[in-house]
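Comments concern the structure below.
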Amino acid sequence: MSLRGGHLLSLDTVSVEEILDVLDTAESFVEVHQRTIRKVPALTGRVVASLFFEESTRTRLSFETAAKRLSADVISLAVASSSVKKGESLRDTIATVEALGLDAVVLRHRSSGAAEQVARFVPHVHVVNAGDGQHQHPTQGLLDAFTVRQVLAERRGVTGRETGAELFRGLRVLIVGDVRHSRVARSDIAVYRRLGAEIRVVGPGTLAPDALAKWGVTVSHDLDEVLEWADVIGLLRIQSERGSGSFVPSLEEFSRHFGLSTERLARVSPDTLIMHPGPMNRGVEIDHAVADAPQSVVTRQVANGVPVRMAVLYLTVAGGEGR
Ligand code: CP
């Protein structure tokens, strides 16, 4: 099923043309943020359900902001105080929300494959995956690619739309940390590979095992060896909620070998982009000063979550029609 008028479940099945469709549409929505009235009527009369079965700050707030900027009605389930706590299943919860009348579900869930399951339960409802277990976080991958293109295009004095995928060809992307448990890593790798970037992952053997090479990336276990190679450095936190803590001897040791310290930052080019999907564990995978350094685009990533998620909702729910 295509993205326009369909679902967004994983970036593994999205074409280059669809990725560029999202990035270009998001670029046009950035301007809405500058307006006095930050709204467009694209989803007037549509209902978007925001169902977060796992914790979130950035993704939830930016999806709900995005839906409201598109003039959709947003219903939001507070899972902690819902009947999920009484044992109601995902299927029955979705059926209940559907009975209220809805056009789209934005779903975060701890189980890999949950978004695909929901798309089968309610096939006529548009489903957008806001992170499922360690499987995929497609809108994070899209907003990361959007941010990279935006910054590189600005440096050239052109718009991202004018460059298409050109700026990604041969771009050297280094992903550092707990790749094994990271849905962000899977989505980032999918989007950057499709756009033509070269990708290396680096981390301890337990969290970046050599088996990851089957994803089409080069695997390394020595950050100092590959640090200066990168045009983009994407840092990942230790996913303690998925048991990653038991894969490293201690956070101090992880940080010593794989943390981006101010000393390491001094070795990279001032043009290298430092990225992190958040939440950051300052002092572990990223030093406090590095998070706020001029090369850091972390805040821009968060801000870009809104136009990118507006684009995804507009393309899936409205099929890209009627702005
Ligand atoms: N990047 C990300 O998914 O952050 P949240 O968990 O805060 O949504």
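Values below: all heavy atoms of this structure, side chains included; hydrogens, waters and symmetry mates excluded. As the structure lists them, so they are numbered: ligands from 1, and atoms in each ligand from 1.
Among protein heavy atoms, the minimum distance from atom 1 (N) of ligand 1 is reached at Pro277 O, 2.9 Å.
The option with the heavy atom closest to atom 5 (P) of ligand 1, from among Thr57, Thr139, Val184, is Thr57. Evaluated by nearest non-hydrogen atom to atom 6 (O) of ligand 1, the leading choice among Arg58, His276, Arg108, Glu54 is Arg108.
For the side-chain contact (heavy atoms from CB on, under 4.5 Å) with Val297, the lone residue among Leu273, Val148, Val302 that qualifies is Leu273. Partner Phe258 forms a side-chain contact (heavy atoms from CB on, under 4.5 Å) with one of Asp178, Val284, Ile238, Val202 and no other, that one being Val202. Under the side-chain contact (heavy atoms from CB on, under 4.5 Å) test applied with Ile94, the options Asp92, Thr96, Val97, Leu90 reduce to a single match, Leu90.
For an aromatic pair to be called close, the ring centres must be under 6.0 Å apart, and Tyr314 with Phe29 satisfies this. Annotation: His109 is not in aromatic contact with Phe52 [ring centroid separation under 6.0 Å not met].
For ligand 1, the atoms sitting less than 4.0 Å from at least one non-hydrogen atom of Gly278 are 1 (N), 2 (C), 4 (O), numbered in the order shown with element in parentheses. Within ligand 1, counting atoms from 1 as listed, the ones closer than 4.0 Å to a heavy atom of Thr59 are 2 (C), 3 (O), 4 (O), 5 (P), 8 (O).
Of the polar atoms of Pro279, none of the N or O atoms is found under 3.5 Å from an N or O of ligand 1, judged by distance alone.
Residue-environment remark: CD (Glu55) stays at or below the threshold of 12 foreign heavy atoms within 6.0 Å.
Within the structure, the closest approach of Gly131 to ligand 1 does not fall below 4.0 Å when heavy atoms are considered.
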